[in-house]
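Heavy atoms only: backbone and side chains are in, while hydrogens, waters and symmetry mates are out.
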Amino acid sequence: MQTASAAPMPIPGHIDPVPVTRAVFERPDGRVDLVGLDKGAIRAALEAAGMEPKQAKLRAKQLWHWIYNRGVTDFTLMTDIAKAQHPWLAEHFVVGRPDVKEAQVSEDGTRKWLLSSPDGQDYEMVFIPDADRGTLCVSSQVGCTLNCRFCHTGTMRLVRNLTAGEIVGQVMLARDALGEWPSSPEGRLLTNIVMMGMGEPLYNFDAVRDGLKIVMDGDGLALSKRRITLSTSGVVPMMARAGEEIGANLAVSLHAVTKDVRDEIVPLNKKYGIEELLQACADYPGANNARRITFEYVMLKDKNDSDADARELVRLLRHYKLPAKVNLIPFNPWPGADYECSTPERIRSFSNIVFEGGISAPVRTPRGRDIDAACGQLKTAAEKKSRAELDRLAAEKQAALG
């Protein structure tokens, strides 16, 4: 059953950029999905279904192991739980996975999944294999709060936040596809997670935090926080809290070094400016030379790619004494985009200047372009809008930002 309140969905921070009704849905069969629940919440769910508290404590610990360490979805395969209890568990609970509407594989090995939630909303995740690592790009929202002008995903209306279960479920589905159960820190293909899929993670803070805590738990999915990167477009009020409560690596979508240009391509800059953002980076808990902050910088022809821009980038990062690395991202074109990618020569010149300034500035190799899985391209293919509609949505989001 699905119901919707009339109140706007609260979003952490000083503003609620896009008022959206919160959809509250339950499974038609009334069962509770255990994915996304921590040990305490699993225990509480068992007790709410009628299990005696002392037994619920033991069963919660066992269920946690089977769900998050071994990836088991069938209660009958949980061999240390009494067979007589399997039907009762199956009657009240389920260990779910996102529904896969479409799975694509790029010519370079990148995989993209179009997923569907129980209330019929679509979102995407991408797995990027490399020689020394495998990175899963995880979504945090259905649609996106912001309207960064170069980003295809940013042209989507924000529908709702993903739950902690839907965030963890993406990781578990990838583990299923890669055959990586039980969890092991050695020899696995999925080694890293980046919260860089659809949505702004810091506008869905609680669910992102709770989901990543399950991912990082040593008795569960067991992925170190040093292997997890949380990306933000600059939601300054939530950045310190992210460092304290999650502790993952930080990536900041900077993309410009002047107010006018960043106001245009990352409109959140009108609320939280470059100086305020960089000071929040300087104050980010745990940032040091061993755990540098990554600054994402998409290369847009004749917009943000001059030698002067590169020198100003170096100046800013030095001024705030930031332990930084810069990822230069060739712009990935999409239908209706207002920008073009910088030339390879211009990107190389920009990179050289930043390197000469003592800051690492590698050029990211585009991956998954042929299946629209590259950076900035995550957007359900079924949703196509005219240029006028895109401009109208952008204007609505900008008005909400104030």
| field | Flag side-chain contact, heavy atom, 4.5 Å: V126 against K112 | value |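 Yes; the side chains approach each other to less than 4.5 Å.
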
| request: Would you check if N304 and Y297 make a side-chain contact, meaning some heavy-atom pair closer than 4.5 Å? | output: yes

| Do we see a donor-acceptor contact under 3.5 Å between the side chains of R292 and S360? |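 On atom types as modelled, these side chains do not qualify, holding no pair under 3.5 Å.
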
| request: Determine whether the side chains of T110 and D108 contain a donor N or O and an acceptor N or O closer than 3.5 Å. | output: yes

| side-chain contact (heavy atoms from CB on, under 4.5 Å) partner of I293, the single match among T229, L250, L317 | L250

| field | Intermediate values then yes/no, side chain to side chain contact (heavy atoms under 4.5 Å, CB included), M196 and T135 | value | CA-CA 11 Å; M196 296 182 184; T135 302; over 6 Å; no

Does a salt bridge link [X] with [Y], judged by any charged N lying under 4.0 Å from a carboxylate O?
X: R315; Y: E312; value: yes
X: R209; Y: D206; value: yes
X: D38; Y: K213; value: no
X: D307; Y: R346; value: yes

| field | Donor-acceptor contact present, side-chain Y203 to main-chain V235, <3.5 Å | value |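 Not confirmed, Y203 side chain does not pair with V235 backbone.
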
| task | Step by step, work out the side chain to side chain donor-acceptor pair (under 3.5 Å) result for S306 and D309. | result | CA-CA 5 Å; S306 70; D309 290 322; 3.0 Å; yes

